[in-house]
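Have a look at the structure below, then the notes.
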Amino acid sequence: MFFIQEIINGNILKKQSYNNSLYGWKHVIILFIVVGILRFLFVLVGGIDLDPEEAQYWLWSKYPDWSYYSKPPLIAYINGISSLIFGNHAWAVRLNAIIIGSIIGLTTYYISNKLYKSKKLAFFIAAALLLLPAYHYISMFFTTDVLVSLFWLLTCYFFWKAIESNSLKYWILTGITIGIGSMAKYALLFFIPFSFLYLLFKKKYLLKQKSFYISLLIAIIIFSPVLIWNINNNMIGLFHISNLAGYGRKFVSLHKTINYELEFFGGQLLLNLPLLFLLFFWKKYKIGSYLKGDFEQFIIYKMIFIYIIFTAIALIKRVQINWLIFSYIPLYIILFKAIWESEILNNTLSRNYIAFTSLLLVLLLLQPVLETHTPKFSKIIPAKIDPYGKLVDWKNLTNFVNNEMKIKTNGNGYIILSDKYQIASQLSFYSPGNPKTYCLPYSGRRMNQFDVWGIPTSGFDDKQIVLVKNSPIESSEEINFLIDRNSIIYSTNYHIFYKGKIIKTYYIYLLNRMPKINSLKNVIAKY
């Protein structure tokens, strides 16, 4: 692996090198295979369980459909394939993210080499992804973000090639990637209005030709199963997306708006912390002058479009830190190219900053491992703000629930119920045999896929019900009303410990009957 020696010697930062052959496909593939193996080992021994969203998407795969309440179906299909091959294991779910994340790295290399005609620069750009928290997130956790990131990257490249060459081949590829990407996450549909606006102002003559509309037609055809599913299910996917976008919400107070905007921009800065040194050296190294090419301007316009959308959303509601991740890989390509050409990394302060943030990233990534082997050192990041806190002890919680309830029910069967889809999904994944679980509907939560599946109104007469909550029944007036206190046979709780602190308590109740479904039928009002 000669490229490692090149990095150590600093030759990777030099434009002129006699070892340009070290940066071809062979070496970039080796790099991402090695990183992929390390990620897989982390999944096996890292001491973390599935994220609740990962468990939810896995659960969807057990009930194949044309779409699902909050997301299109592609992630469920992939989970279904990996489960069929490897079984229902957490590592099998995460392996999907590792593989697709590696494909993103290799695709970045391919696109960079095609755009800039330099294997060494392409290798530098692809390898530099490993310094970024956003890339590690999509390469380790199998959520829809990794899928939409890949297809957004491909769509940007194919669309650019299409408008530069006006080749039908690239228009067709653009339509295919928009269609497949939209089957992963609705966010890729943002590309359609952006592409129209970009052509309107930059390449208006292309709007008078049929190629652009052929690409849209292809995308619509591929995406049509999701449209049909939504039509047959009262457009609940559309209502969900409109709710996330803040449609129908009243403007909040100025204080809240300011907080939402600060959280939004602060979160994006934190997500891209290793690149913030560019802001301090922007003028000195004339970084902007390296971003004036047509492709670079295209990507910048795209990012401005995306930021305008989410800045508007943040006026009335909280924007989650991961919502923009799908759009960043193309931006990273042009920023790393600017870093390369400006030779900003010859500055000692820049290199020290990158080394420091890289160390922080490693410390963050290894928190669960450090907690297991060097607990004192792991407390550098407090348990309350450590994102791994929501990924620990789900398996132990599920084992506790099942072992406890087997004793209390004398080994008889029971039905697992929760008021949160996250808990219900995790209990299904980690319970032996992966039983069907249910989510109690009530107006204090938004709708989810469990409500689409529903709860049978009969068939539970001889079954006891295990209700698992993250708060006592008494804390919710509505749930307290829905559950007859006389039906509670037994109750206990389970504490989640992380870094020596209780970070979550789950409350477990054994009921002798299911809450009356008739009294719950119209409490779901939120999408």
Side-chain angles (χ1 to χ4, degrees), residues 57 64-68 71-82 96-97 99-115 138 142-199 202-203 206-230 237 241 295 298-299 301-302 305-306 325-331 333:
Y57 301 143
D65 207 339
W66 288 116
S67 190
Y68 299 90
K71 301 289 190 303
L74 185 58
I75 193 167
Y77 297 163
I78 295 174
N79 272 322
I81 294 171
S82 63
N96 296 318
I99 292 173
I100 297 171
S102 298
I103 292 173
I104 289 175
L106 297 176
T107 303
T108 299
Y109 173 82
Y110 171 81
I111 291 174
S112 301
N113 189 35
K114 288 292 185 181
L115 289 171
I138 62 176
F142 193 44
T143 68
T144 53
D145 291 317
V146 61
L147 292 169
V148 74
S149 294
L150 172 61
F151 287 102
W152 183 269
L153 173 62
L154 288 170
T155 300
C156 287
Y157 176 67
F158 290 142
F159 180 77
W160 174 252
K161 294 291 288 185
I163 63 176
E164 286 295 290
S165 64
N166 200 17
S167 166
L168 182 60
K169 177 183 77 171
Y170 286 112
W171 284 115
I172 291 173
L173 289 172
T174 300
I176 291 172
T177 52
I178 290 176
I180 298 176
S182 300
M183 292 287 282
K185 192 173 184 177
Y186 293 116
L188 208 137
L189 294 174
F190 285 132
F191 198 91
I192 294 177
F194 165 75
S195 64
F196 179 81
L197 290 173
Y198 186 81
L199 293 179
K202 290 291 185 178
K203 304 270 187 178
L206 290 175
L207 290 175
K208 299 177 182 179
Q209 300 179 14
K210 63 182 180 181
S211 299
F212 173 64
Y213 303 100
I214 289 174
S215 71
L216 294 183
L217 179 61
I218 292 171
I220 292 170
I221 291 172
I222 295 174
F223 188 63
S224 60
V226 177
L227 295 175
I228 294 170
W229 183 90
N230 271 276
I241 295 303
F295 178 75
F298 162 68
I299 297 301
Y301 291 145
K302 175 184 64 65
F305 177 79
I306 295 298
I325 283 181
F326 73 93
S327 65
Y328 277 132
I329 302 296
L331 178 66
I333 290 176

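For the numbers below, each heavy atom of this structure counts, side chains included, while hydrogens, waters and symmetry mates do not.
- A donor-acceptor distance shorter than 3.5 angstrom exists from the side chain of S82 to the backbone of N79, with no hydrogens or angles considered.
- Ring pair W160/F295 is perpendicular by interplanar angle, where above 60° counts as perpendicular and below 30° as parallel.
- Taking 4.5 Å as the limit, some side-chain heavy atom of K202 sits within range of a side-chain heavy atom of Y301.
- Remark: Y213 OH is packed, more than 12 non-hydrogen atoms of other residues, nucleotides or ligands lying under 6.0 Å away.
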Acceptor/donor pairs from residues 169-178 side chains to any protein atom, 3.5 angstrom cut, sequence neighbours excluded:
from, atom 1, to, atom 2, distance (Å)
W171, NE1, N166, OD1, 3.0
T174, OG1, F158, O, 3.4
T174, OG1, F159, N, 3.2
T174, OG1, Y170, O, 2.7
T177, OG1, T155, OG1, 2.9
T177, OG1, L173, O, 3.0
T177, OG1, T174, O, 3.0

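- Aromatic ring pairs are classed by plane angle as parallel below 30°, tilted from 30° to 60° and perpendicular above 60°; the pair F191 and F194 is perpendicular.
- Between Y57 and F142, the distance separating the two ring centers is not shorter than 6.0 angstrom.
- Taking CD1 of I75 as the start and CG of L147 as the end, the distance is 5.5 Å to the nearest 0.5 Å.
- In this structure, the side chains of L74 and F151 come closer than 4.5 Å at one or more pairs of heavy atoms.
- Within the 3.5 Å criterion, the main-chain N or O of V226 finds a donor-acceptor partner in the side chain of N230.
- Counting heavy atoms of neighbouring residues, nucleotides and ligands inside a 6.0 Å radius, atom CH2 of W229 exceeds 12 of them.
- For the pair I306/W152, a side-chain contact is recorded, criterion being any heavy-atom separation below 4.5 Å from C-beta on.
- Between Y198 and F305, every side-chain heavy-atom pair lies at or beyond the 4.5 Å cut-off.
- Residues L188 and G181 share a closest heavy-atom pair of CD1-CA, 3.6 Å.
- In terms of the salt bridge (charged side-chain N to carboxylate O under 4.0 Å, His left out) criterion, residue partners of K203 (sequence neighbours excluded) are, by chain and number, E164.
- With rounding to the nearest 0.5 Å, the separation of CD1 in I329 from CD1 in I104 is 5.5 Å.
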Problem - I81 and N96: CA distance, side-chain angles, deciding distance, side-chain contact (heavy atoms from CB on, under 4.5 Å) verdict - result: CA-CA 10 Å; I81 294 171; N96 296 318; over 6 Å; no
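- How far CD1 of I221 is from CG of L227: 11.5 Å, rounded to the nearest 0.5 Å.
- Closest approach of K71 to T144, counting heavy atoms only: CE-OG1, 3.5 Å.
- Note that NZ of K210 and CG of L217 are 12.0 Å apart. Values are rounded to the nearest 0.5 Å.
- A 4.5 Å side-chain heavy-atom check between Y186 and P72 finds at least one atom pair inside the cut-off.
- The shortest heavy-atom contact between I180 and I222 is N-CG2, 3.8 Å.
- In this structure, CZ on F212 lies 12.0 Å from CD1 on I214, to the nearest 0.5 angstrom.
- Contact record, Y68 with A76: CE1-CB, 3.6 Å, taken as the closest heavy-atom pair.
- The OG atom of S211 sits 12.5 Å away from atom CD1 of I163, with the distance rounded to the nearest 0.5 Å.
- By the side chain to side chain donor-acceptor pair (under 3.5 Å) test, S195 is found to be paired with no residue, residues two or more places apart in sequence or in another chain being considered.
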